[in-house]
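Scroll down for the structure; my scribbles are underneath it.
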Amino acid sequence: MTSPLNHHDSHPPARTHKITLIPGDGIGPEVTDATVAMLETAGRAHGCSFEWHRQDAGADAFKKTGEYIPKALYDSLETNRVGLKGPVTTPIGGGFASINVTLRKKFELFANFRPIRNLAGLHSRYPGVDLIIVRENTEDLYAGLEVMVQPGVAMGMKVITEKASTRVAKFAFEYAAKHNRKRIHSIHKANIMKLTDGLFLDSARKVAAGFPQVEYLEHIIDNTCMQLVLNPYQYDIILTENLYGDILSDLCSAFVGGLGMVPGANLGENCAVFEAVHGSAPDIAGKDMANPTALLRSAILMLEHLDEFATAETVQSALDKVYTEGTVLTRDVGGKSGTKAFTDAVIAAM
Ligand code: NAI
Ligand code: MG
């Protein structure tokens, strides 16, 4: 502990942040360890430190505790209100419900914020992309309401509410107004899903009316996929439902180097969980091949959420430096290095 006598006004007091850390599985533990190491080094220079409260989730948690989301995880997030999360594998077809979807619903993390930006120095066929996906995060076909009506006939329910559509639209417009973004496109399929997507659009239009300074447009989802590939620069903020947002996020990640590059934040009134767009990548798990950039950029969003702007800046400039030099990059972005070597290079660049 620093003695009060040592205290010097030009040094801000040390700050410790309690973070719920969910390493997840697959490449999750590799990219989380890397991110924690980079944050610890960056924070040290600015009096910012972390208390990581590690929590298991998914199949690993079930083996240890008999629960897919242990009570300890809920309690930890309830107390800390900030989480950093790696991906968790979700079984296909049967098995347990998605941990990600369950957490987003439970903590009402209603807006999924995903900025798609090129990093300085990394070659892309689409240089200078700067668009944001704001995805509704709590309902739609992800409500998990499926029934077997009779053998051979399954039915799933798409749930869209005015409340959830309005609050995510409000988030997008307030963000646009505050950060001087010019344009919001609602992406939908209301020509076919007249009631559900129709309600989403109605809600967005009502919110849009309160923000005349932000241009408001609507595009249909299939056309949007083509428009994006032809000319992503026409979009500024994409506001959309849960499923469309999921699909468009992976599509847009390709503009900036792929899933290893794109961060995300699940935001609610009282809680925020930061996680990359990508999944557990079983094809490369445990091979020192994963790119931790996506989770690290999610951690930069977390640092900004915590008002740790100096530490965020240190991480960002180290990342820019390593990508600009381009000698120690992971394979997904054309390099030859492993997760660990890349992490060491970012730390050395601080
Ligand atoms: P995925 O995102 O795990 O992988 C898709 C492709 O991108 C793979 O070729 C993978 O190697 C590559 N990739 C992903 N992240 C990478 C990284 N950081 N560095 C380098 N390459 C990377 O998607 P997939 O294969 O469809 O899903 C695998 C599992 O992940 C599924 O169980 C799925 O449910 C789960 N998932 C979990 C998420 C979460 O926890 N938030 C989000 C998305 C999927
Ligand atoms: Mg996804």
Side-chain angles (χ1 to χ4, degrees), residues 12-25 28-29 31-58 61 69-88 98-115 132-138 167-168 171 174-175 178-179 262-278 292-316 319:
R15 300 161 311 283
T16 303
H17 299 284
K18 293 180 178 151
I19 314 283
T20 300
L21 184 72
I22 307 165
D25 52 38
V31 293
T32 338
D33 284 352
T35 300
V36 164
M38 294 185 273
L39 287 200
E40 299 254 318
T41 306
R44 220 167 281 140
H46 304 290
C48 162
S49 62
F50 306 91
E51 218 175 82
W52 305 104
H53 297 178
R54 273 175 191 269
Q55 300 292 338
D56 291 317
I69 304 182
K71 185 171 179 299
L73 193 166
Y74 282 124
D75 291 348
S76 174
L77 252 186
E78 195 88 53
T79 311
N80 295 333
R81 307 204 163 279
V82 182
L84 183 65
K85 183 184 161 299
V88 180
S98 162
I99 303 303
N100 315 305
V101 174
T102 308
L103 282 179
R104 291 166 189 172
K105 284 197 285 196
K106 160 89 184 167
F107 288 94
E108 290 202 62
L109 305 171
F110 61 85
N112 196 332
F113 175 82
R114 294 171 155 184
I132 295 169
I133 294 177
V134 176
R135 164 187 176 189
E136 201 292 319
N137 222 11
T138 61
R167 70 183 172 180
V168 74
F171 171 85
E174 278 165 7
Y175 181 89
K178 190 166 169 206
H179 295 88
V262 180
N266 300 289
L267 304 170
E269 293 295 347
N270 304 308
C271 183
V273 176
F274 298 83
E275 66 177 333
V277 169
H278 65 72
T293 304
L295 189 64
L296 185 63
R297 289 174 108 182
S298 310
I300 292 176
L301 298 175
M302 180 181 83
L303 291 169
E304 290 166 354
H305 174 81
L306 296 168
D307 284 338
E308 292 291 355
F309 293 100
T311 303
E313 185 53 41
T314 295
V315 177
Q316 184 64 53
L319 208 47

Short side-chain to backbone donor-acceptor contact, [X] and [Y], under 3.5 Å:
{"X": "R81", "Y": "N270", "result": "yes"}
{"X": "N112", "Y": "N137", "result": "no"}
{"X": "T79", "Y": "D75", "result": "yes"}

Closest heavy-atom contact between [X] and [Y]?
{"X": "A276", "Y": "A294", "value": "CB-CB, 3.6 Å"}
{"X": "S76", "Y": "T20", "value": "OG-OG1, 2.7 Å"}
{"X": "P263", "Y": "L301", "value": "CB-CD1, 4.2 Å"}
{"X": "V31", "Y": "T35", "value": "O-OG1, 2.8 Å"}
{"X": "M302", "Y": "G83", "value": "SD-O, 4.4 Å"}
{"X": "L109", "Y": "L103", "value": "CD1-O, 4.0 Å"}

Going from [atom1] on [X] to [atom2] on [Y], what distance comes out if it is rounded to the nearest 0.5 angstrom?
{"X": "N80", "Y": "H53", "atom1": "CG", "atom2": "NE2", "answer": "5.0 Å"}
{"X": "Q316", "Y": "I300", "atom1": "CD", "atom2": "CD1", "answer": "4.0 Å"}
{"X": "T138", "Y": "N266", "atom1": "OG1", "atom2": "CG", "answer": "11.0 Å"}
{"X": "R104", "Y": "C271", "atom1": "CZ", "atom2": "SG", "answer": "12.5 Å"}
{"X": "E275", "Y": "L295", "atom1": "CD", "atom2": "CG", "answer": "9.0 Å"}
{"X": "T311", "Y": "H17", "atom1": "OG1", "atom2": "NE2", "answer": "7.5 Å"}

Do [X] and [Y] have side chains that approach each other closer than 4.5 Å (heavy atoms only, starting at C-beta)?
{"X": "W52", "Y": "L84", "result": "yes"}
{"X": "I22", "Y": "I99", "result": "no"}
{"X": "I19", "Y": "L306", "result": "yes"}
{"X": "L39", "Y": "L296", "result": "yes"}
{"X": "V134", "Y": "Y175", "result": "no"}
{"X": "M38", "Y": "V315", "result": "no"}
{"X": "L77", "Y": "K85", "result": "no"}
{"X": "E269", "Y": "E108", "result": "no"}

For this session: In sequence, state the C-alpha distance, the side-chain angles, and the governing distance for I69 and K106, and then conclude on side-chain contact (heavy atoms from CB on, under 4.5 Å).
Result: CA-CA 11 Å; I69 304 182; K106 160 89 184 167; over 6 Å; no
Problem set entry | side-chain contact (heavy atoms from CB on, under 4.5 Å) assessment of I133 paired with V277 | CA-CA 11 Å; I133 294 177; V277 169; over 6 Å; no
Problem set entry | Counterpart residues, salt bridge (charged side-chain N to carboxylate O under 4.0 Å, His left out), relative to D56 (two or more places apart) |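 D56: salt bridge (charged side-chain N to carboxylate O under 4.0 Å, His left out) contacts with K64.
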Exercise. Salt bridge (charged side-chain N to carboxylate O under 4.0 Å, His left out) with E136: which residues, sequence neighbours excluded?
Worked result: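 E136: no salt bridge (charged side-chain N to carboxylate O under 4.0 Å, His left out) contacts found.
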For this session: Could you list all the salt bridge (Lys or Arg N to Asp or Glu O under 4.0 Å) pairs where at least one residue sits in residues 298-316, not counting sequence neighbours?
Result: R15-E308
For this session: Measure the acute angle between the ring planes of F113 and F171, then classify it against the limits of 30° and 60° as parallel, tilted or perpendicular.
Result: perpendicular
Exercise. Should F274 and V82 be marked as a side-chain contact (heavy atoms from CB on, under 4.5 Å) after you check the CA-CA gap, both sets of side-chain angles, and the distance that decides it?
Worked result: CA-CA 8 Å; F274 298 83; V82 182; 4.1 Å; yes
